[in-house]
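In the text below, chain A, chain B and the rest are named by the order of the sequence lines, each starting its count at 1. Side chains are part of it too, since the values below use all heavy atoms of this structure and drop only hydrogens, waters and symmetry mates.
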Amino acid sequence: MHRKIFHIDVNSAYLSWEAAWRLQHGETLDLRDIPSIVGGDVKKRRGIVLAKSIPAKAYGIQTGETVYSAVQKCPSLISVAPQYERYVVASDSMVALIREYSPYVQRYSVDEVFLDYQGKRDPLDVAEEIRERIKTTLGFTVNIGVGENKLLAKVASDFTKPDRVHTLYREEIKRKMWPLPVEDLFMVGRRTKKKLNDRGIWTIGDLAALDRDYILHWLKKPGLTIWEYANGIENSPVKNEGPPPKSVGNSTTTAFDVETEEDALLVLLGLTETVCMRLRAHRMYTRLVNVHFRNYSFVGYGRERTLYSATDSTARIYSMVKTLFRELWEGEPLRQLGVSVGRLSPNDVTQLSFFETWDEEAVQLDRTVDQVRNKYGQTALYRSSFLDSGIHPVIGGVIAEEDYPMMASLL
DNA sequence: TCTGGGGTCCTAGGACCC
DNA sequence: TCTGGGGTCCTAGGACCC
C-alpha cells in the first residue's frame, strides 16, 4: 500500500484553456506557441495580464503587470479576452478525471487540485498517467508535484514546467528545496522576502536553519508557519469539501470615474444584489457589512459595521451599504467600488433582535427575485432606478453552483 | 503605473466588562 | 482612586494566495 499527496497545477491555466478551446473549435493557431496573453480590457481599465504563454514569458512579461507594459516588452504580443465560462468547463472536466483515482480530492482553486492517493500502484506511475491523460483527452498540460504532504507536493509542482511530474520526498528536501530562494516558499511574499533578506536569509535552507523561538518572537505566528514549511512540516488533510465561506464579496472597476453619489449608489446596489444572491445561495446570514473603494489616484479605503442581527435581506444590507458609503466618501472621483459581507452563519436559525420585526414580505421578495433570475437570467428582473443609468443592475463574478473556495492562505 | 477580482488570516488599539 | 489584568468585541489595515 502506497500513500502520497499530489498537487496538480494547470500550466498557465487561462492561456492553456483558451488555446485548447480555440483548437477544438476550428482554429489552427495555438496561442501557446506564440507570445500571447489572456488580458483584461484596457479600455475598461481592467488591463492586466491574467496568464501568459511561455514565448511571452521569454520577453519578461509577468502575470499581474499591465497589458500596456506587456505590449511595450513585446509589440507583436497577442492579447485575448478571458472567457471564464470556458475555463470552468475545462476545470470541471479535469477534476472529474482526477476523481477516478481517489475519493480524496480537494479543489484548491480553479486550476489547482490536491489528491490523496492511497493504493497499490507506484504513486509516480499514477501521477504520470494522470498528467498524460489530461494532455491527450482534455488538450492541456499540467504539472504534478508528489510528496508526503500538501506543502511538499505544492512546492514540487512548481519545479520546471510545463508538462512535468516532480517528487519532493522528505529525503529530497535538503537537495531539492533548501537551495531555492526563500520567496519560492508558499506564504513568503514580497514583504516577508525583504524582511528575511534584510537579516541575511536568502534560501529556504537559511530559513529552515533558524531557531524556532527566534522566528516565532520575530515574525509571530506567520513566522512559525513559514519556518515549519521550510522544514517540510505540514499535516493538513486533503479535504473533500471546502469549509463554508467566511465572507462573500464583489467589487468592480468602472470604465469611467464615478463622480456622483447617485451613480456610486447604483453601482453599489448592483454589487449588493450579487453579493446577497450568493449569500442566499450559500444559505447563510451575515452580521458584518463592508464597503470599500479606490479613488482616481488608486488610494483605497474601507469601512465596515456590525449589524444588530444576522440577515440575508438585500434591503437591510443595502441600507447599511448606503450608510457606510456616505460616511466614507469624501467626494473624490472613484475608479473601483466593492461590497462584501462577513461573519457568516447558517441561515437555519433566525435570531430576531429585540428591536426588530420579521419582515416576511421582504424575505419572500428576495426569494422570488432569486428564482426568477436563476431561471431566466441575471437581468430578467431589475430595479427601475437602473433604467437609462448606463450602470449594470447586477454586478459581479459568476454565480456558480458551487462557488469554489478560491483560496486559502493555509493549506 | 495606463495598476482585476475573488478570498483568508493576522495584528493592533480602543471600548467595555468583570 | 493617583487603579491592575484578563477576556471579548469592534474596526481598520496589512500580508498573502490564486
Side-chain angles (χ1 to χ4, degrees), chain A residues 7 9-10 12-14 37-51 62-72 81-82 84 87 91 107-113 151 154 157-158 183 185-196 219-226 229 242-255 257 271 274-275 278 282 287-308 324 327-328 335-344 395-400 403-411:
Chain A
H7 179 250
D9 190 340
V10 180
S12 313
Y14 287 3
I37 59 169
V38 174
D41 187 338
V42 175
K43 291 194 288 289
K44 290 185 176 173
R45 307 198 295 186
R46 293 172 187 177
I48 67 159
V49 175
L50 300 165
Q62 295 174 344
T63 301
E65 76 174 306
T66 60
V67 172
Y68 175 87
S69 146
V71 172
Q72 298 286 303
Y84 297 103
Y87 312 154
S91 175
R107 182 169 217 157
Y108 184 65
S109 75
V110 73
D111 66 336
E112 290 184 44
V113 178
L151 182 275
K154 187 160 167 57
S157 71
D158 211 31
E183 63 268 27
L185 190 63
F186 183 63
M187 290 301 290
V188 176
R190 193 168 46 92
R191 300 297 294 268
T192 308
K193 166 186 158 64
K194 183 171 187 325
K195 285 182 197 171
L196 294 169
L219 298 176
K220 307 291 186 285
K221 201 169 167 178
L224 182 60
T225 300
I226 59 172
Y229 288 172
K246 301 196 167 177
S247 66
V248 174
N250 284 102
S251 65
T252 191
T253 293
T254 51
D257 282 348
L271 290 162
T274 317
V275 168
R278 292 174 57 207
H282 283 297
R287 278 209 63 199
L288 184 68
V289 178
N290 168 290
V291 172
H292 52 277
F293 55 69
R294 279 187 199 278
N295 64 22
Y296 63 102
S297 52
F298 213 66
V299 177
Y301 308 88
R303 197 161 173 86
E304 63 184 27
R305 187 163 299 155
T306 302
L307 296 165
Y308 286 113
L324 292 170
E327 289 177 9
L328 187 60
R335 65 136 48 213
Q336 182 187 54
L337 294 102
V339 171
S340 72
V341 297
R343 276 202 251 154
L344 308 186
I395 306 170
V398 193
I399 303 157
D403 247 25
Y404 316 120
M406 278 312 277
M407 145 60 210
S409 60
L410 295 172
L411 299 170

| Per R303(A) side chain, nearest of listed nucleotides dG4(B), dA12(C), dG5(B) | dA12(C)
| said: Taking 4.0 Å as the cut-off, does a side-chain nitrogen or oxygen of S109(A) come that near to OP1 or OP2 on dC17(C)? | reply: no
| field | Residue whose nearest DNA chain B nucleotide is more 5′ - L271(A) or K220(A) | value | L271(A)
| query | What interatomic distance, in whole Å, is found between C1' of dC17(B) and the corresponding atom of dT3(C)? | reply | 15 Å
| note | So, with a heavy-atom separation below 4.0 Å from DNA chain B, the residues of residues 62-70 of chain A are T66(A), Y68(A)
| To the nearest Å, how far apart are L219(A) CG and dG14(C) C1'? | 14 Å
| said: With rounding to the nearest 0.5 angstrom, report the OH to CG distance, Y14(A) to L50(A). | reply: 7.0 Å
| Nearest-angstrom distance from the residue atom CZ of R343(A) to C1' of dA12(C) | 13 Å
| Picking from dC9(B), dG4(B), dT11(C), which would you name as closest to the side chain of K246(A)? | dC9(B)
| request: Scan side-chain atoms only and decide if D9(A) and H7(A) contain a donor-acceptor pair under the 3.5 Å cut-off. | output: no
| Out of dC17(C), dG5(B), dT3(B), whichever nucleotide has its closest atom nearest the side chain of Q336(A) | dG5(B)
| note | Result for salt bridge (charged side-chain N to carboxylate O under 4.0 Å, His left out) between E183(A) and one of R191(A), R190(A), K194(A), K193(A) points to K193(A)
| said: Counting the atoms with a prime plus P, OP1 and OP2 as sugar-phosphate, which does G40(A) contact under 4.0 Å by heavy atoms, base, sugar-phosphate, or nothing? | reply: nothing
| query | Given the rule that a pair is Watson-Crick or G-U wobble with both distances under 3.5 Å, how would you write DNA chain B in dot-bracket, using | for pairs to a different strand? | reply | ....||||||||||||||
| said: Any base atoms under 4.0 Å from R294(A), or only sugar-phosphate, or nothing? Heavy atoms, all strands. | reply: nothing
| Phosphate OP1/OP2 of dC10(C) contacted by R305(A) side-chain N/O (<4.0 Å) | no
| field | Residue-phosphate contact under 4.0 Å: R335(A) side-chain N/O, dG4(B) OP1/OP2 | value | yes
| query | How is V42(A) classified with respect to the nucleic acid when contacts are heavy atoms under 4.0 Å: base, sugar-phosphate, or nothing? | reply | nothing
| task | Compare side-chain N and O positions of K221(A) against OP1 and OP2 of dC10(B) and report whether any pair is under 4.0 Å apart. | result | yes
| note | When L288(A), N290(A), L324(A), V289(A) are each screened for side chain to side chain contact (heavy atoms under 4.5 Å, CB included) with R305(A), the one that passes is L324(A)
| message | If you assign each of S247(A) and R45(A) to its closest nucleotide in DNA chain B, which residue comes earlier from the 5' end? | response | R45(A)
| note | One should read off an interatomic distance between L337(A) CG and N295(A) CG, to the nearest 0.5 angstrom, of 10.5 Å
| query | Will you find, in the side chains of S91(A) and R107(A), an N or O donor that is under 3.5 Å from an N or O acceptor? | reply | yes
| request: State whether R46(A) places a side-chain N or O below 4.0 Å from either non-bridging phosphate oxygen (OP1 or OP2) of dG5(B). | output: yes
| Roughly how many Å is it from OH in Y87(A) to P in dG6(B), rounded to a whole number? | 17 Å
| query | Under 4.0 Å between a side-chain N/O of N250(A) and OP1 or OP2 of dG6(B), yes or no? | reply | yes
| Of T306(A) and E112(A), the one whose closest DNA chain C nucleotide lies more 5' | T306(A)
| With respect to the side chain of P222(A), which nucleotide from dG6(B), dT11(B), dC17(C) is positioned closest? | dT11(B)
| said: For a quick check of understanding: with a heavy-atom distance under 4.0 Å over all strands, which category does T192(A) fall into, base, sugar-phosphate or nothing? | reply: sugar-phosphate
